[in-house]
Student: 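Just passing along the structure, written as structure tokens.
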Amino acid sequence: MSKKYITTAIDYPNAAPHMGHVLEKVLADVCARWFRLSGHDTRFQIGTDEHGVKNQRTAAKEGISPKELVDRNVPLFKDLYDKLNISYDYFVRTTDQDVHFPTVIELWKKLKDSGMLEKRNYTALYCSGCERFMTNKDLVDGKCPDHQKAPEEVTEENWFFLLSKDSKWLKKLLTDKNGYTIVPKFRQQETLSLIEQGLEDISFSRPKSSLDWGVPVPDDDNQTMYVWCDALTNYISPLGYLTDKEDKTYWDDAEVTHVIGKDIARFHALYWPSMLKNAGVKTPDKLLVHGFLTSEGQKMSKSLGNVVVPSEVIDKYGIDPLRFYLSHEVPVGRDGDFSWDRMQKMYDSKLRNDIGNLLNRVLVLVGKDGGKINVPEETEIIGDTWKKYAEKMNSFELSEALQIVCSLVSDCNAYIDKKKPWGLEIEDREKVLGVLSECLRHIGLMLLPFVPDTAEIISIQLGVSYADKLQNKGFSLEGINLWGSDKSWCAAGKPEILFEDLEK
RNA sequence: CGCGGGGUGGAGCAGUCCGGUAGCUCGCCAGGCUCAUAACCUGGAGGUCACAGGUUCAAAUCCUGUCCCCGCAACCA
């Protein structure tokens, strides 16, 4: 049994979570659940990135302290993910001074000892109206578009991380077979082209006067760590890295996968491994980069007013239909779209008419004969489907994997029509229904990573022996995903509607 | 010449790496079935795969060029 460690990006809690946050968590959760089902000892971590000027400013605007702001907002994220059945093992908060800070501070010291940190003057354009640094791109005719005045040149001292020194090493890491694999592949090429263009050193700290809400730089009272050293380190701080609590189980001994959005790909692909290497820590193995969600075909933005709030979708359709939508309609790595119309169509056709109806028609027929289940052994038809499904799951092609399950459902529906069990003699009918019930048992297992509650309900209605253990973290496919492998299964449960008609 | 993604039947997408009868979902049309949540099944119409050249026995797929859309470019999932 090999070990896996999977993480998501930590969310910035200065506003309520939206669909984009949910997409990432669902994606990572499907992977984590698949890892566990495949028998891997898995750790799954999510969390929040709570420092930074933006929170400092949002808090000031509301007249509360940054700590009060994050303490108020973090539960919005945590509660949502609990509701969504995200099976994380640990929720890290970067403001946790016991769990997070020690590793961050030690990592900084290691980087400094390695000669990768250097104090420099940093000059940039600063708009006092916006209270932030501007880039040339932000300016219109050399002026801040919001305040109609030219920003002033401000120089401040920053610690810099000498990333450029690692260009060669990074290129090797990203191209080595056993290095750091980026999925999808075009993101790897993009990253390599970034290296080709020349990497710049990165500002790793800010003077306390401009950023106070963060981890203090060790041995430099006037500086606060900027986001990178603080936030990225969340992946190893709860493991006690670089402290006396260090536990290597889920890092050195595990395959590490980071699930993140395309906006922060470069930080995870370049900064993070370089930081780890220079601190003498193992680098991660896989970087799974997802795209962004549009809303009704347009970029989601507050000004357009088309931001989709997860709770609205959950209230109307429920948890699993949302998880199903994000897994089925958004190919991993690419941008996707959320549309209410597509949500409704998917709910009706896939969940209600195909899966729900199939379960119902089979169970009603079984019930009419007394509810006995008898799986004919000679009909092995599931092995090939499992093989294809597992291949897709293992290569993170999740929507394709789900489509394989949907095809199996379609095949079952076609099979009923072809065999017409209702017109057969009892013995033949039992055989046909045995095949269908067994297929449904496997469909339940294959759906488990995507829609865990639905998978459990299907299994309960079918009456399989392990139905109540399905969502336990130690539950694995071992010994139950072969044809007829649930030997003690002999009776079906009661059929109930899986997905209601919402129009009624 | 900043970087990247995309342009495939009415809609949304897969296929492009490793050329070989253009596939899926939804919608539409016609049949079938009646176990089931008026659900399910079968068949059909509809595409010169953005455009122009080139390579090849053969190109959506490789090469060259052009046009259009969309992201990103130090803290925005």
Side-chain angles (χ1 to χ4, degrees), chain A residues 8-12 14 17-25 27 49 51-54 122 124 132-133 135-137 184-187 189-191 193-194 196-197 200-203 206 211 226-228 230-231 259-267 271 290-294 297-302 328-331 333-337 339 341-342 344-346 348-368 397 399-400 403 406-407 409-410 412-424 429 432-433 436 495-501 504:
Chain A
T8 66
I10 44 177
D11 300 314
Y12 202 72
N14 75 325
H18 57 65
M19 286 296 277
H21 293 102
V22 171
L23 173 72
E24 178 174 288
K25 270 55 193 184
L27 167 60
D49 168 23
H51 292 126
V53 189
K54 220 154 126 188
Y122 173 70
R132 71 181 184 97
F133 285 102
T135 60
N136 282 323
K137 183 200 140 208
K185 206 152 189 203
F186 71 83
R187 292 288 171 208
Q189 285 159 345
E190 199 176 314
T191 310
S193 107
L194 271 176
E196 290 305 319
Q197 290 168 59
E200 286 180 24
D201 297 331
I202 327 152
S203 164
R206 291 293 142 88
L211 173 66
Y226 185 53
V227 61
W228 314 123
D230 176 2
V259 179
I260 54 152
K262 63 182 184 180
D263 56 326
I264 51 175
R266 62 160 69 183
F267 315 133
Y271 302 9
H290 64 78
F292 279 4
L293 268 188
T294 51
Q298 282 194 302
K299 189 177 174 178
M300 238 187 250
S301 80
K302 279 177 192 160
H328 187 267
E329 304 288 301
V330 184
R334 309 218 161 247
D335 287 350
D337 184 48
S339 127
D341 185 51
R342 276 175 76 194
Q344 181 68 44
K345 289 220 171 91
M346 185 223 73
D348 282 335
S349 66
K350 292 281 167 233
L351 296 179
R352 207 157 65 78
N353 299 345
D354 287 352
I355 299 174
N357 187 44
L358 172 67
L359 178 71
N360 199 240
R361 63 199 301 210
V362 170
L363 285 180
V364 167
L365 283 169
V366 170
K368 283 180 181 168
E397 294 170 283
S399 58
E400 285 87 343
Q403 271 158 35
C406 289
S407 302
V409 171
S410 276
C412 288
N413 272 320
Y415 183 76
I416 301 193
D417 275 58
K418 193 176 149 213
K419 292 286 182 183
K420 306 192 195 313
W422 50 88
L424 296 175
R429 182 162 64 232
V432 171
L433 294 177
L436 286 162
E496 271 166 55
I497 300 295
L498 206 53
F499 296 101
E500 295 287 344
D501 184 350
K504 280 186 180 164

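Naming convention: chains lettered A, B, ... in sequence-line order (proteins, then strands); numbering from 1 in each chain.
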Student: Measure the distance between the ring centre of A:F292 and the centre of the six-membered base ring of B:rA77, then answer whether it is under 5.5 Å with planes under 30°.
Tutor: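 Answer is yes, a stack.
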Student: Okay, side chain of A:Y12, backbone of A:H51: is any donor-acceptor separation there less than 3.5 Å?
Tutor: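 Judged by distance alone, yes, a pair lies under 3.5 Å.
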Student: So A:F186, base contact, sugar-phosphate only, or nothing? Heavy-atom distance under 4.0 Å.
Tutor: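 Sugar-phosphate, no base atom in range.
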Student: Identify which nucleotide among B:rA74, B:rC26, B:rA77 has an atom closest to any side-chain atom of A:S349, counting heavy atoms from C-beta outward.
Tutor: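 So the nucleotide nearest the side chain must be B:rC26.
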Student: So, is A:R342 near the phosphate of B:rA11, with a side-chain N or O under 4.0 Å from OP1 or OP2?
Tutor: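 No, no such contact exists.
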Student: Expressed in whole Å, how much space separates the C1' atoms belonging to B:rG46 and B:rG27?
Tutor: 12 Å
Student: Nearest to the side chain of A:R352, heavy atoms from C-beta on, is which of B:rA14, B:rU37, B:rA36?
Tutor: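 Per side-chain heavy atoms of A:R352, the pick is B:rU37.
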Student: Counting side-chain heavy atoms from C-beta on, which of B:rC35, B:rG4, B:rA77 comes nearest to A:V364?
Tutor: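 Minimum distance to the A:V364 side chain belongs to B:rC35.
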Student: Nearest to the side chain of A:K350, which nucleotide is it out of B:rC35, B:rC40, B:rU25?
Tutor: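 Side chain of A:K350 sits closest to B:rU25.
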Student: Who are the salt bridge (Lys or Arg N to Asp or Glu O under 4.0 Å) partners of A:D201, not counting sequence neighbours?
Tutor: A:R120
Student: Is A:G52 touching bases, backbone alone, or none of the nucleic acid, heavy atoms closer than 4.0 Å?
Tutor: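 It contacts nothing in the nucleic acid.
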Student: Supply the atom-to-atom distance A:D335 CG to A:L23 CG, rounded to the nearest 0.5 angstrom.
Tutor: 9.5 Å
Student: Measuring only the P atom in each nucleotide, how far is B:rG7 from B:rA60? A whole number of Å is fine.
Tutor: 15 Å
Student: Can you say whether a donor on the side chain of A:N357 sits under 3.5 Å from an acceptor on the base of B:rA36, or the other way round?
Tutor: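 Side chain to base: pair present.
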Student: Report which part of the nucleic acid A:K262 touches: base, sugar-phosphate, or nothing (heavy-atom distance under 4.0 Å, all strands).
Tutor: sugar-phosphate
Student: Checking the side chain of A:R429 only, and the main-chain atoms of A:L424 only, is there a donor and an acceptor separated by less than 3.5 Å?
Tutor: yes
Student: Which sits closer to the 5' end of RNA chain B, A:I202 or A:I260, going by the nucleotide each is nearest to?
Tutor: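 Here A:I202 is the residue nearer the 5' end.
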Student: Please round to the nearest 0.5 Å and tell me the distance separating atom CG of A:L351 and atom CG of A:N357.
Tutor: 12.5 Å
Student: Is a donor on one side and an acceptor on the other found under 3.5 Å between the side chain of A:K419 and the backbone of A:I416?
Tutor: no
Student: Can you figure out which of B:rC26, B:rA77, B:rC40 approaches the side chain of A:H290 most closely?
Tutor: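 When the side chain of A:H290 is considered, B:rA77 is the closest of B:rC26, B:rA77, B:rC40.
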Student: Could you measure the distance from the NE2 atom of A:H290 to the CG atom of A:D263? Nearest 0.5 Å is fine.
Tutor: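 Reported value, rounded in 0.5 Å steps: 7.5 Å.
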Student: Using the P atom on both, measure B:rU16 against B:rA50 and round to a whole Å.
Tutor: 15 Å
Student: Classify A:L359 by what it touches in the nucleic acid, base, sugar-phosphate, or nothing, heavy-atom distance under 4.0 Å.
Tutor: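 Here A:L359 touches no strand at all.
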Student: OP1, OP2 of B:rU25 versus side-chain N and O of A:H328: anything below 4.0 Å?
Tutor: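 Answer no for this pair, as no side-chain N or O of A:H328 is under 4.0 Å from OP1 or OP2.
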Student: Do nucleotides 29-34 of chain B as a string where each nucleotide becomes B, S or -: B if the base has a protein heavy atom under 4.0 Å, S if just the sugar-phosphate does, - if no protein is that close.
Tutor: ---BSS
Student: Base, sugar-phosphate, or nothing: which does A:A414 touch, judged by heavy atoms less than 4.0 Å apart?
Tutor: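 The residue A:A414 makes sugar-phosphate contact but no base contact.
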Student: Hey, could you give me the CD1/CD distance between A:I260 and A:E24, rounded to the nearest 0.5 Å?
Tutor: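 The distance works out to 8.0 Å.
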Student: Drop me the distance from A:D337's CG to A:M19's CE, to the nearest 0.5 angstrom.
Tutor: 10.0 Å
Student: Quick check for you: among B:rC26, B:rA14, B:rA77, whose closest atom lies nearest to any side-chain atom of A:K345?
Tutor: B:rC26
Student: Would you indicate what A:D337 reaches in the nucleic acid, counting non-hydrogen atoms under 4.0 angstrom: base, sugar-phosphate, or nothing?
Tutor: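 Result for A:D337 = nothing.
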Student: Under 4.0 Å between any heavy atoms, over every strand shown, what does A:N360 touch: base, sugar-phosphate, or nothing? Just pick one.
Tutor: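 The answer is base, as A:N360 lies within the cut-off (heavy atoms under 4.0 Å) of a base atom.
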Student: Could you tell me the separation between the CD1 atom of A:I10 and the CG atom of A:D230, rounded to the nearest 0.5 Å?
Tutor: 7.0 Å
Student: Is RNA chain B part of any stem, that is, at least 3 consecutive Watson-Crick or G-U pairs with both distances under 3.5 Å, and where?
Tutor: B:2-7 with B:67-72, B:10-13 with B:23-26, B:28-32 with B:40-44, B:50-54 with B:62-66
Student: Counting any heavy atom closer than 4.0 Å, what does A:L498 reach on the DNA or RNA strands: base, sugar-phosphate only, or nothing?
Tutor: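 Base contact.
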Student: Using the side-chain heavy atoms of A:S193, tell me which of these nucleotides is nearest: B:rC3, B:rC41, B:rA36.
Tutor: B:rC3
